[in-house]
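Presented below is the structure to which this report refers.
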2 protein chains.
Amino acid sequence: MGRWEPNARGRLEQAALELYVERGYEQTPVADIAQRAGLTERTFFRHFADKREVLFGGSGRLEELCVGAVAAAPATATPLEAVTAALDTAAGVFEERGDLVRQRQGVIDANTELRERELIKLASLSAALADALRERGVGELTALLTAESAVGVLKVAFGRWMDEGQGRPLRPLLAECFDVLRTLSARGAVGAG
Amino acid sequence: MGRWEPNARGRLEQAALELYVERGYEQTPVADIAQRAGLTERTFFRHFADKREVLFGGSGRLEELCVGAVAAAPATATPLEAVTAALDTAAGVFEERGDLVRQRQGVIDANTELRERELIKLASLSAALADALRERGVGELTALLTAESAVGVLKVAFGRWMDEGQGRPLRPLLAECFDVLRTLSARGAVGAG
DNA sequence: CTACGTGAGGACAGCCACTGTCATGAGCAC
DNA sequence: GTGCTCATGACAGTGGCTGTCCTCACGTAG
């Protein structure tokens, strides 16, 4: 056995989520998180750039997953079809750990700083998707706008998923949003439905 | 004349932008901004919620302008046409004070915290646009996705406008992005152009 | 077995963003 | 002039975050 308990990072993540849920994000000093994890404040900041980042450890992996899905899409797929595949993959990750995701999202939605951090993670995802599309030979503007649209769809569908509680699973919600998105361009679409 | 110099808020905004440009955002303590404006640090925080917000005083007005444009769009306009009108209005504001906008954007792009704040302002704009569309009788999902798409277009077109230096004005860039967006839904669009 | 390097973590001092609280004093109403 | 208002000043305090040096189990070489 090592000098220290293993998985310091994971312990910090768990302690932080617990405390953010119990007391709220703002009412939780970093020192308390570290203490619950059996570490010091200084060590917290060796593992995470700041107090927010401890909630976003998985965003890098999610991004890689989505990029991989775009790259793996058949060569005949349109850009929109490629990012649809990416979001489908992402949906799988969310639905696997539904409870954790909901708990985490509740904390994020309750605090503006955390929402800011979430938004920049989504912007990073958009940039990564655009890169992946460019790799497929998609033109610059099309790549950027497809990626932005995909993240827009993800935001709306995910929001619905959270709101609906134990309603429909995420994947059909994504599909519905992509359908509506395609409808927007239709000539004369007044969108009253 | 009052006891104090007038327009404390405006002086703080100007001093902040100057110092952020001269030294960078992180290297500028709030006390220095206040000093240049002839005020104290405490007074800075009476006018702005935090050190970032001093750069975003105009975002509320921009949001109102866009919402007004959506509301003023003819009843026959599609949701996409309504938000196009809104972004056209916004483009006018940006182009009026091109130099200020560019300087400000340079500061924002150089700092992650400021980019986060910008993103949440854009998310707020998106929510306001969705509200304005709902007021027109547009369905929930269509309103949300149209608003997200509009902000996506704004991000891409504005980024291009910044990158192109003294190239095309903003309005045609917006139009081009909306064109590409409509193309995405086309059957078989591979987007290689 | 000893010696040494490595690396995660602790101890501590300090900067600065931000807040709570009370004091100040010109302008204004009467 | 008396008293109220209210933008600002003064000052102390909390907490996020950093720089720096110290500690000490572990692995490895010899």
Side-chain angles (χ1 to χ4, degrees), chain A residues 1-57 107-108 110-118 120-121, chain B residues 1-57 107-108 110-118 120-121:
Chain A
M1 200 179 86
R3 178 180 181 186
W4 298 281
E5 296 300 310
N7 195 24
R9 186 182 174 94
R11 270 151 49 216
L12 286 167
E13 285 174 343
Q14 187 181 341
L17 181 58
E18 287 172 11
L19 286 168
Y20 292 169
V21 167
E22 289 172 20
R23 308 182 198 166
Y25 170 79
E26 285 175 21
Q27 283 65 47
T28 306
V30 172
D32 288 11
I33 301 169
Q35 188 181 10
R36 182 169 294 200
L39 295 164
T40 63
E41 185 181 355
R42 191 67 187 85
T43 298
F44 178 97
F45 287 110
R46 287 203 180 89
H47 285 277
F48 302 99
D50 57 47
K51 191 184 165 185
R52 278 141 268 162
E53 200 64 19
V54 68
L55 281 179
F56 295 88
V107 171
I108 292 172
N111 182 271
T112 303
E113 288 180 44
L114 292 173
R115 295 227 313 120
E116 287 184 341
R117 180 58 48 89
E118 183 185 33
I120 209 168
K121 296 296 183 187
Chain B
M1 201 180 86
R3 178 180 182 185
W4 299 281
E5 295 300 311
N7 195 24
R9 186 183 173 93
R11 269 152 49 217
L12 286 167
E13 285 175 343
Q14 187 180 341
L17 181 58
E18 287 173 10
L19 285 168
Y20 292 170
V21 168
E22 289 172 20
R23 308 182 198 165
Y25 170 80
E26 286 174 21
Q27 282 65 48
T28 305
V30 171
D32 288 11
I33 301 169
Q35 188 180 9
R36 181 169 296 201
L39 295 164
T40 63
E41 185 181 355
R42 191 67 187 84
T43 298
F44 178 97
F45 286 110
R46 287 201 181 90
H47 285 277
F48 302 100
D50 57 47
K51 192 183 163 185
R52 278 142 269 163
E53 200 64 18
V54 69
L55 280 179
F56 294 88
V107 171
I108 292 173
N111 182 272
T112 304
E113 288 181 43
L114 292 173
R115 296 225 317 119
E116 287 184 340
R117 180 57 49 87
E118 183 185 34
I120 209 168
K121 295 296 183 188

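In the text below, chain A, chain B and the rest are named by the order of the sequence lines, each starting its count at 1. Computed from a prediction, not measured in an experiment: that's the story for all the values here.
- Following rounding to the nearest Å, A:Asp50 (CG) and D:dG15 (C1') show an atom-to-atom distance of 14 Å.
- Rounded to an integer number of Å, the gap from A:Asn111 CG to D:dG16 P is 12 Å.
- For B:Arg42, the listed nucleotide lying nearest its side chain is C:dG20; candidates were D:dT8, C:dG20, D:dT20.
- Straight-line distance from the CD atom of B:Gln27 to the P atom of D:dC17: 17 Å, rounded to whole Å.
- Regarding B:Phe48, its CZ atom lies at a distance of 14 Å from the P atom of D:dA7, rounded to whole Å.
- The CD atom of B:Gln35 sits 15 Å away from the C1' atom of D:dG9 (whole-angstrom rounding).
- Rounded to a whole Å, the OH atom of B:Tyr20 is 8 Å from the P atom of C:dA17.
- Under a 4.0 Å N-O distance rule, the pair B:Arg117/B:Glu53 qualifies as a salt bridge.
- Put simply, CG on B:Leu39 is 10 Å from C1' on D:dA7, counting in whole angstrom units.
- Ion pairing between A:Arg11 and A:Glu5 fails under the 4.0 Å rule for side-chain N and carboxylate O.
- Considering all non-hydrogen atoms of both residues, A:Ile108 and A:Glu118 come closest at CG2-OE1, 3.6 Å.
- Taking only side-chain nitrogens and oxygens, B:Arg52 comes nearer than 4.0 Å to OP1 or OP2 of C:dC18.
- Spacing between atom CZ of A:Phe44 and atom P of D:dT18 amounts to 11 Å, rounded to whole angstrom units.
- Comparing B:Lys51 and B:Arg46 by the nucleotide of DNA chain C that holds the closest heavy atom to each, the one mapping nearer the 5' end is B:Lys51.
- The side chain of A:Arg3 approaches D:dC24 more closely than any other nucleotide in the set D:dC17, D:dC24, D:dT8.
- Candidate nucleotides C:dG9, C:dC12, C:dT19 were compared by shortest atom distance to the side chain of B:Phe45, and C:dT19 ranks first.
- Summarising the local packing, CD of A:Glu113 is surrounded by more than 12 heavy atoms from other residues, nucleotides or ligands at distances under 6.0 Å.
- Among all heavy-atom pairs drawn from A:Lys51 and A:Phe45, the shortest one is N-CE2, 4.3 Å.
- Residue-level contact check: B:Ala8 touches the backbone only, with heavy atoms under 4.0 Å from sugar-phosphate atoms and none from bases.
- Within the nucleic acid shown, A:Arg9 has no heavy atom closer than 4.0 Å to any nucleic acid atom.
- Both B:Thr40 and A:Pro29 lie close to DNA chain D; mapped to their nearest nucleotides by heavy-atom distance, the more 5′-ward contact belongs to B:Thr40.
- In this model, the phosphate group of D:dA7 is not approached by any side-chain N or O of B:His47 to a distance below 4.0 Å at OP1 or OP2.
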